[in-house]
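Have a look at the structure below, then the notes.
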Amino acid sequence: IMLHSTLALSLLLIAVSSNLAMAIKKEKRAPQTLSRGWGDEITWVQTYEEGLYQAKKSNKPLMVIHHLEDCQYCQALKKAFAENEEIQELAQNNFVMLNLMHETTDKNLSPDGQYVPRIMFVDPSLTVRADITGRYSNRLYTYEPQDIPFLIENMKKALRLIQTEL
């Protein structure tokens, strides 16, 4: 009986310590609540105002993703966006990134309506680039998972416009 309880106790200690180690490991990485699944390696700003400030300060374009949790199109796009290495790298290194689940007061961010998903670019001079559009004429700023290469092109276009215009 003594051996049995010692064994049980040591198993319990092993279980507790491995759970503790996992908890510590998890805590090390700052919880990335602002990414909301769009890319945990990306540094996200919290508000549109902060995004504008960072864009101006860093001379990088701001990319604004409007989405909703219960929107299947948003979820599908989010998955494709998060899984694409080129997008993740561009976003992390060359853009100020913001994803929003509510509308801003800036009407320039919804030139053709408040639908989701909707992705808009704002250049460092704080001009909303309504000229950077997706493939659909009825919803100019929406993208579907298969449009990821097109979105990458638009990200590169947003970067080129800064170099040529500012």
Side-chain angles (χ1 to χ4, degrees), residues 26 28-166:
K26 267 191 204 132
K28 252 196 198 127
R29 177 132 175 68
Q32 187 39 291
T33 49
L34 292 178
S35 93
R36 299 189 181 93
W38 289 88
D40 287 345
E41 298 307 311
I42 297 170
T43 307
W44 298 89
V45 293
Q46 200 160 351
T47 62
Y48 182 54
E49 292 66 32
E50 185 192 346
L52 293 175
Y53 173 77
Q54 292 294 346
K56 201 174 178 75
K57 197 175 91 166
S58 65
N59 198 37
K60 291 178 177 176
L62 167 64
M63 181 171 175
V64 184
I65 304 170
H66 286 91
H67 64 107
L68 291 170
E69 276 305 319
D70 57 2
C71 156
Q72 63 184 27
Y73 304 103
C74 301
Q75 293 300 337
L77 181 63
K78 179 196 295 190
K79 188 176 185 309
F81 188 97
E83 287 171 0
N84 186 289
E85 279 177 40
E86 190 177 358
I87 275 199
Q88 293 292 308
E89 201 173 303
L90 272 169
Q92 177 62 24
N93 299 323
N94 305 100
F95 286 84
V96 175
M97 296 295 295
L98 172 66
N99 70 75
L100 287 177
M101 295 173 66
H102 57 83
E103 291 294 333
T104 66
T105 51
D106 187 344
K107 295 284 173 272
N108 296 315
L109 282 185
S110 49
D112 65 341
Q114 297 188 337
Y115 52 85
V116 291
R118 188 169 85 251
I119 300 179
M120 309 257 349
F121 296 92
V122 184
D123 70 28
S125 72
L126 308 188
T127 305
V128 175
R129 300 305 311 224
D131 54 340
I132 303 179
T133 56
R135 293 185 19 210
Y136 307 99
S137 55
N138 59 334
R139 292 185 165 197
L140 292 175
Y141 309 99
T142 202
Y143 298 85
E144 294 187 343
Q146 66 270 23
D147 302 329
I148 290 292
F150 199 79
L151 179 56
I152 291 170
E153 277 314 301
N154 276 347
M155 290 172 83
K156 291 177 177 170
K157 186 174 175 184
L159 291 169
R160 275 198 309 274
L161 287 170
I162 290 175
Q163 282 133 20
T164 54
E165 291 186 6
L166 300 181

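By convention here, the first residue in the shown sequence is residue 1.
With hydrogens and angles disregarded, a donor-acceptor distance shorter than 3.5 Å links the side chain of Asp112 to the backbone of Leu140. Although no hydrogens or angles enter the test, the distance criterion places no donor-acceptor pair under 3.5 Å between the side chain of Tyr141 and the main chain of Phe121.
Identified under the salt bridge (charged side-chain N to carboxylate O under 4.0 Å, His left out) test for residues 66-79, with sequence neighbours left out: Glu69-Lys78, Lys79-Glu83.
Lys107 pairs by the side-chain contact (heavy atoms from CB on, under 4.5 Å) definition with nothing, not counting sequence neighbours. Under the salt bridge (Lys or Arg N to Asp or Glu O under 4.0 Å) criterion, Glu49 pairs with no residue at all, not counting sequence neighbours. Scored by the side-chain contact (heavy atoms from CB on, under 4.5 Å) test, Leu126 finds Leu52, Lys56 as partners (sequence neighbours excluded). Applying the side-chain hydrogen bond (donor to acceptor under 3.5 Å, both in side chains) test to Tyr53 and every residue at least two apart in sequence or in another chain returns nothing. By the side-chain hydrogen bond (donor to acceptor under 3.5 Å, both in side chains) test, Glu89 is found to be paired with no residue, residues two or more places apart in sequence or in another chain being considered. Under the rule for a side-chain hydrogen bond (donor to acceptor under 3.5 Å, both in side chains), the partners of Glu103 that lie at least two apart in sequence or sit in another chain are Arg118. With sequence neighbours left out, the side-chain contact (heavy atoms from CB on, under 4.5 Å) criterion links Ala80 to Pro145, Ile148. Under the ring-ring contact (aromatic ring centres under 6.0 Å, His included) criterion, Phe81 pairs with Trp38, not counting sequence neighbours. Remark: Asp147 pairs with Arg135, Tyr136 by the side-chain hydrogen bond (donor to acceptor under 3.5 Å, both in side chains) rule, at least two apart or across chains.
Between Glu86 and Lys156 a salt bridge is recorded (basic side-chain N to carboxylate O distance below 4.0 Å).
Tested against Asp123, the residues Arg129, Lys60, Arg160 include a single salt bridge (charged side-chain N to carboxylate O under 4.0 Å, His left out) partner, Arg129.
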